[in-house]
Number of protein chains: 4
Amino acid sequence: MTDKKPPVRRSEKSRQAILTAARELVAEYGFAKLTIEAIAARAGVGKQTIYRWWTSKGAVVLDSLIGDTPNGAALPDTGDLATDLREVMRLTAAEMASPEIQASTRAMNVAVQTDPALAEVYRERYLGPALASARDRLASAREAGQVAADADLEVAAEVLFGAIYYRWSLGLGPLDDAYADAVVRLVASGLR
Amino acid sequence: MTDKKPPVRRSEKSRQAILTAARELVAEYGFAKLTIEAIAARAGVGKQTIYRWWTSKGAVVLDSLIGDTPNGAALPDTGDLATDLREVMRLTAAEMASPEIQASTRAMNVAVQTDPALAEVYRERYLGPALASARDRLASAREAGQVAADADLEVAAEVLFGAIYYRWSLGLGPLDDAYADAVVRLVASGLR
Amino acid sequence: MTDKKPPVRRSEKSRQAILTAARELVAEYGFAKLTIEAIAARAGVGKQTIYRWWTSKGAVVLDSLIGDTPNGAALPDTGDLATDLREVMRLTAAEMASPEIQASTRAMNVAVQTDPALAEVYRERYLGPALASARDRLASAREAGQVAADADLEVAAEVLFGAIYYRWSLGLGPLDDAYADAVVRLVASGLR
Amino acid sequence: MTDKKPPVRRSEKSRQAILTAARELVAEYGFAKLTIEAIAARAGVGKQTIYRWWTSKGAVVLDSLIGDTPNGAALPDTGDLATDLREVMRLTAAEMASPEIQASTRAMNVAVQTDPALAEVYRERYLGPALASARDRLASAREAGQVAADADLEVAAEVLFGAIYYRWSLGLGPLDDAYADAVVRLVASGLR
DNA sequence: TTTTAACCGAGACGGTACGTCCGGTCTTGTC
DNA sequence: GACAAGACCGGACGTACCGTCTCGGTTAAAA
């Protein structure tokens, strides 16, 4: 996906095997200890087949983790902004705190830190949609008069996710409901 | 610093040479292309001398960059919270956006992402003081009645820095004064 | 040769380059100062390529020196045993005394002293044929009645070469024609 | 012994500990795997103390093995040369074949092969006396008329020991009484 | 008897080479 | 011609020892 050249004649079976192997190995050993050779071996694939279609370890990993998940589900809209934001933030926090997903997300995060090209893909296909959904919900709240007319919704969305990302990324504290709620309270209050 | 054993008998000259070499090489080539061998070579030091006192490339880099910088300067206190926060956030944003410092900070960030032990050190010696300063300024504002009595200052400080970190880390947009101001506006308003 | 696995798919060019480099480096620096890294560097080859096909420095050296030399030339047979033996012993002595060959032979000797597996190869491909040739000549002399019927030709051959080897190996004295002749005189006389 | 400078003020205790450690380690691991550091550690001695008094690993080993053994015992003289030689050769062969002594002797042999200075010491203090004893016995046999007047006794002695050394050094065959006897028979016959 | 300097243990130091791992490229034979 | 397999060159890894160099502590001769 990430680096596909004009898809001339490509073994879908190999592609899937590679992505699956990458996913498994990241889960088992983490991003740092992951090697192209190990992916090839586990996938039963020649190394060249990986190099033919991806540019780096990070590209494979990103591809394997983003996969075909859309990640663009619209936020719930119960009419009460704080309630809806709270739900999403709690969910996001819980997801990032969950041990099963940790390894993958950390891997993706490191990959993205290291390679601007991957960051581009990551933003477009993963973060962008999530931020857009939040922005949309905020816009609908503004229309409902729950948010000040001059509020910068773009920034508000970023601040919400940024708070969680910051705490998660640097291990500053627990990612529980209380934290999610506190962030939502602050931002929602600031938006009024 | 990071991994010093009971200070047996250690060459201060070598230690400095290693940290300097690490700092330079990170600036020149970035964290990913940095090698222990290169550090040793530039520092005119045996590899063993590095392995004797540090546990990993990341530990050396962190040590070389945190150095002896306190990073705990108190925030200005003009009496107006928004003004003071704006100044600090603008400064922080500008610092992280500046190309000269980019390489170092990215390096430190990757190192920390990869090794929980380093993250611990980073939090204690670098982030902690910065967050504490912000918290202190918010506390003084609360006493001045500019902040609601029940506001969670801890979370507020994190949200402020988190917003900048998020945008910087993932390259979501420009780190200019406008962004810093927007974040401050939202948070300051939320705190009232 | 020494350690070849089922000849999978091996670069003959690299093999030759390695053996040549080993030969040169032994001649230049001697066995003790020889390193695998130096061989790889001079041969323009990855170290792994050496480790893939040989088990040790000694194995490479032995291979490089034994090469494809047969070393099994039959002894001359002029009809007079003493004359023929004298010629071979003089030649052998001169060869081992010659400075150009010294380094190689000493290297091979040390390699063989250190590793029984190499000794095995050395005996079979190098010493064995030489001893066999001598034994054959003695046998023909016995048929001609110049040697006692009950003489142990095997031992006689060993004694001949052993005398030279002993003096050479431990530097007990000059390896000149006089010495070769003295040894031949003693043994030939003992065989009658 | 080997490299002693004017024995200013030297800890006899350390010296003994080093030699003992060297002897033990050679027996346990062989000469190739022996390291100065290991000797120092086992002897409870600083490395410098070894380097102060010896020039190389080989020098320590040689010193530790030659020790103060004279090795110059005169050969028995029963009146019958062949009998006496047979006894000495059998004994020598058995000694070199014995597994307990193997490691030491091989170590000494390798050390000597590698360093001409050690070879010098080895010849003077170890081989020389042994060869001289044999030569003396041959001389007495010549006086008794058992050996031709023009025989080269020097060479004869070398040939005797050389045969055993050759077979032992290169592993050409068993070092049993039969071999010792065969060598003696050939040489004794040649001397008449 | 006190000084003093060499010796000693310990072990850090700048280095070199080790043998291994992996990156990214190239080659071979199969499908 | 894409593919699995894996050899190849290169280069960094982390370790083991080298031989040199402090650093106190201890001795034994000189003062």
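Just so you know, these numbers use all the heavy atoms, side chains as well, and skip hydrogens, waters and symmetry mates. Letters A, B, ... are given to chains in the order of the sequence lines, protein chains preceding strands, and every chain is numbered from 1.
Residues satisfying the salt bridge (Lys or Arg N to Asp or Glu O under 4.0 Å) criterion with D/K47, sequence neighbours excluded, are D/E37. Residues passing the side-chain hydrogen bond (donor to acceptor under 3.5 Å, both in side chains) test with C/R123 are C/E120, sequence neighbours excluded. Listed by chain and residue number, A/L65 satisfy the side-chain contact (heavy atoms from CB on, under 4.5 Å) test with A/S104 (two or more places apart in sequence, or in another chain). Scored by the side-chain contact (heavy atoms from CB on, under 4.5 Å) test, A/A43 finds A/A17, A/I18, A/A21, A/V45 as partners (sequence neighbours excluded).
Judged by distance alone, with hydrogens and angles left aside, the side-chain atoms of C/K33 form no donor-acceptor pair with the main-chain N or O of C/V26 at under 3.5 Å.
The phosphate of F/dA7 has neither OP1 nor OP2 within less than 4.0 Å of any side-chain N or O from C/R10. In terms of phosphate contacts, D/W53 brings a side-chain nitrogen or oxygen within less than 4.0 Å of OP1 or OP2 of E/dC8. Phosphate contact (OP1/OP2 of F/dA4, side-chain N/O of A/S14, threshold under 4.0 Å): present. Dashed line: the shortest gap from a side-chain N or O of D/T49 to OP1 or OP2 of E/dG9 is under 4.0 Å.
Both the sub-6.0 Å distance and the 45° axial angle are satisfied by B/R10 relative to the ring of B/W54.
In this structure, C/Q102 CD and C/R106 CZ are separated by 5.0 Å, a value rounded to the nearest 0.5 Å. Considering OG1 of A/T35 and CZ of A/R42, their distance stands at 10.5 Å, rounded to 0.5 Å.
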* B/L170 and A/N109: CA distance, side-chain angles, deciding distance, side chain to side chain contact (heavy atoms under 4.5 Å, CB included) verdict -> CA-CA 9 Å; B/L170 299 169; A/N109 199 39; 4.1 Å; yes

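Listed in residue order, the members of residues 30-39 of chain B having a heavy atom less than 4.0 Å from DNA chain F are B/T35, B/I36, B/E37.
The nearest heavy atom of DNA chain E to B/S11 and to C/K57 marks one nucleotide each, and the one closer to the 5' end goes with B/S11.
Remark: P of E/dG24 and CH2 of A/W54 are 15 Å apart, rounded to the nearest angstrom. Going from atom CD of B/E12 over to atom C1' of F/dC23 covers 17 Å, rounded to whole Å. Computed from coordinates, the D/K13 NZ to E/dC7 C1' distance equals 13 Å when rounded to whole Å. We find that CD of B/Q16 is positioned 17 Å from C1' of E/dC13, with the value rounded to whole Å. The CD1-P distance, from B/I50 to F/dA12, rounds to 13 Å in whole Å. Atom pair C/Y29:OH and E/dA17:P shows a separation of 11 Å (rounding to whole Å applied). In this entry the distance linking CD1 of B/I18 with C1' of E/dG14 reads 11 Å, nearest Å. A straight line from CZ of C/R42 to C1' of F/dG10 spans 19 Å, rounded to a whole angstrom.
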Might you list the N or O atoms of the protein lying below 3.5 Å from N or O atoms in nucleotides 25-27 of chain E, with each pair's distance?
{"residue": "E/dC26", "atom": "N4", "partner": "A/Q48", "partner atom": "NE2", "Å": "2.3"}

